[in-house]
Each structure stands twice: as C-alpha cells, then as structure tokens.
Amino acid sequence: MTYPDKPIVLMGFMGSGKSTLGKALARKFKLRFTDLDRYIERETGWPVQKIFSDQGEGAFRELEKKCLAVLLEERRGVIAIGGGAPCNEENIRMIKEKSLSVYVKITLGELVRRLSVSPVPRPLLPGTDQDGLEPFIASLLKTREKYYSQADIILESDCLTAEALERAILPSF
Ligand code: S3P
C-alpha cells in the first residue's frame with residue numbers, strides 16, 4: 001500500500017476519541033502514533049495540567065504550537081492533537097499544508113456524556129456536572145467549529161470505529 005507522504009492528523013473536541021482511534025489506525029497501517037499532549041509532556045517533563053496551572057494557557061499554547069510544528073515534519077505517522085491545537089490561524093494553516101487532516105465530529109450530547117464521566121484531567125473544563133458542562137461545551141465548540149471544519153475529511157459519528165476511519169482515509173492514499 002502507498003501511504004500519503006505526510007502525517008494523518010486527528011482533530012476534534014476534547015473527549016471525541018482522537019487518541020483511541022489514532023492508536024487503532026496507526027496499528028492497522030503499521031505507522032507510528034503520537035499524541036501531541038503526551039509529546040509536550042515528554043519534551044517539557046511536566047503534565048499538561050501543571051503547565052496550565054503554573055504557567056497559564058498562553059504558555060501551553062506556545063509549547064503546543066512549537067511541538068505541533070515539529071511533529072508535522074514527520075513523513076508518515078498518525079498524530080492525535082488536543083482539542084484547542086488547530087484553533088488559531090497559524091496552526092490550522094500548518095495542519096492543512098503538512099498533513100491529511102480528519103475532524104472526528106461528535107454530537108454535543110455525546111461530548112457532554114463522555115466528558116462528565118472522563119477520568120482524564122482537563123484544565124479547561126468547569127468540573128463534571130452535566131448541567132454546567134453543556135453550555136460550556138456548546139459555546140467553545142461554536143468558536144472552534146470554524147477551524148475543525150477545515151479538515152480534509154470530516155467524519156460525523158458518535159460511534160466511529162477505526163475501520164470506518166480507515167475506509168474514509170484510503171481514497172486519499
Ligand atoms: C485542550 C484539550 C486537551 C489538552 C488541553 C487543552 C483544549 O486535549 O490539549 O487540556 O483546549 O481543548 P484533548 O482534546 O485530548 O482532551
């Protein structure tokens with residue numbers, strides 16, 4: 001099989017399953033998988049939530065931009081990026097230029113359900129109470145949708161499988 005000579009980037013809101021899907025896809029294609037947040041943690045030696053609490057969101061976004069630029073130079077691989085990573089003009093431009101990008105699009109109700117029970121610490125979320133989460137997610141999603149929707153492939157499903165993701169991507173190979 002011939003692969004595109006650029007990485008496959010999975011983007012979407014927190015809780016959309018990018019890392020789980022990305023790992024499964026990478027396994028199928030025998031490609032390297034990288035999670036941008038884990039890469040940032042390895043490079044800095046700090047957990048993402050500590051970067052947010054000690055240095056603030058602005059410092060995290062700078063690190064995120066630098067690490068994203070490095071990973072996008074990888075020729076073949078699957079990269080799952082944090083929900084906020086594609087949400088500025090510079091980052092989305094880099095992603096569009098250097099990768100085959102996929103937006104994993106999940107409904108608001110499913111995002112609320114998943115994030116209310118997720119054990120993963122997410123510094124941006126206002127707790128796990130569903131009534132508080134819904135307006136927060138709805139409003140942030142609205143501002144982010146214009147970036148996510150610039151992906152090469154948009155997959156809309158609350159139960160997306162690695163097989164469906166593979167089928168959607170194959171025509172681009
Ligand atoms: C963020 C999403 C997180 C992580 C950070 C900020 C965001 O990644 O990068 O907490 O701004 O949406 P996940 O999308 O993997 O949860």
Side-chain angles (χ1 to χ4, degrees), residues 7-26 32-72 77-95 99 101-130 132-151 153-158 160 162 165:
I8 297 163
V9 165
L10 301 187
M11 63 167 98
F13 206 80
M14 294 171 255
S16 54
K18 296 160 290 187
S19 299
T20 308
L21 283 165
K23 274 182 206 155
L25 187 72
R32 192 209 310 212
F33 171 75
T34 313
D35 179 293
L36 176 58
D37 283 341
R38 302 293 83 76
Y39 181 84
I40 295 170
E41 291 180 336
R42 275 200 306 276
E43 286 298 298
T44 60
W46 301 310
V48 165
Q49 66 267 34
K50 185 163 169 57
I51 303 175
F52 267 79
S53 62
D54 289 3
Q55 302 176 43
E57 183 174 352
F60 174 76
R61 296 298 173 202
E62 280 307 310
L63 289 166
E64 184 176 56
K65 183 182 304 255
K66 279 192 194 129
C67 292
L68 176 65
V70 172
L71 291 182
L72 285 174
V78 179
I79 307 169
I81 63 176
C87 301
N88 64 69
E89 297 305 329
E90 210 177 320
N91 288 5
I92 192 71
R93 187 186 47 70
M94 279 196 290
I95 291 167
S99 76
S101 54
V102 182
Y103 171 21
V104 180
K105 187 170 181 178
I106 308 286
T107 58
L108 174 63
E110 181 63 11
L111 285 174
V112 173
R113 195 192 64 73
R114 290 188 193 182
L115 290 171
S116 67
V117 295
S118 170
V120 178
R122 290 190 167 93
L124 284 184
L125 292 185
T128 52
D129 167 62
Q130 294 212 10
L133 268 179
E134 182 159 345
F136 174 84
I137 296 173
S139 145
L140 190 55
L141 192 55
K142 205 167 160 202
T143 65
R144 290 181 167 185
E145 191 70 37
K146 71 169 178 181
Y147 298 103
Y148 296 155
S149 61
Q150 294 183 50
I153 298 170
I154 299 178
L155 287 175
E156 222 171 322
S157 166
D158 282 352
L160 187 64
L165 181 55

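Counting starts at 1 for both ligands and their atoms, in listed order.
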Put together the list of close N/O pairs, under 3.5 Å, between ligand 1 and the protein, could you?
{"residue": "ligand 1", "atom": "8 (O)", "partner": "Asp37", "partner atom": "OD2", "Å": "3.0"}
{"residue": "ligand 1", "atom": "9 (O)", "partner": "Asp37", "partner atom": "OD1", "Å": "3.0"}
{"residue": "ligand 1", "atom": "9 (O)", "partner": "Asp37", "partner atom": "OD2", "Å": "2.8"}
{"residue": "ligand 1", "atom": "11 (O)", "partner": "Arg61", "partner atom": "NH2", "Å": "2.6"}
{"residue": "ligand 1", "atom": "11 (O)", "partner": "Gly84", "partner atom": "N", "Å": "3.4"}
{"residue": "ligand 1", "atom": "11 (O)", "partner": "Arg144", "partner atom": "NH2", "Å": "2.7"}
{"residue": "ligand 1", "atom": "12 (O)", "partner": "Gly84", "partner atom": "N", "Å": "3.2"}
{"residue": "ligand 1", "atom": "12 (O)", "partner": "Arg144", "partner atom": "NH1", "Å": "2.7"}
{"residue": "ligand 1", "atom": "12 (O)", "partner": "Arg144", "partner atom": "NH2", "Å": "3.4"}
{"residue": "ligand 1", "atom": "14 (O)", "partner": "Lys18", "partner atom": "NZ", "Å": "2.6"}
{"residue": "ligand 1", "atom": "14 (O)", "partner": "Gly83", "partner atom": "N", "Å": "2.8"}
{"residue": "ligand 1", "atom": "16 (O)", "partner": "Arg122", "partner atom": "NE", "Å": "2.7"}
{"residue": "ligand 1", "atom": "16 (O)", "partner": "Arg122", "partner atom": "NH2", "Å": "3.4"}

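A salt bridge between Arg114 and Glu110 is present, with a side-chain N of the basic residue lying under 4.0 Å from a carboxylate O of the acidic one.
Residues that satisfy the salt bridge (charged side-chain N to carboxylate O under 4.0 Å, His left out) test with Arg38, not counting sequence neighbours, are Asp35, Glu41. Applying the side chain to side chain contact (heavy atoms under 4.5 Å, CB included) test to Glu156 and every residue at least two apart in sequence or in another chain returns Lys105. With sequence neighbours excluded, the residues satisfying side chain to side chain contact (heavy atoms under 4.5 Å, CB included) with Lys65 are Asn88, Glu90, Asn91, Met94.
Summarising the geometry, atom CG belonging to Leu141 is positioned 6.5 Å from atom CG belonging to Leu111; distances are rounded to the nearest 0.5 Å.
The backbone N or O of Phe33 sits nowhere less than 3.5 Å from a side-chain atom of Lys23 that would complete a donor-acceptor pair.
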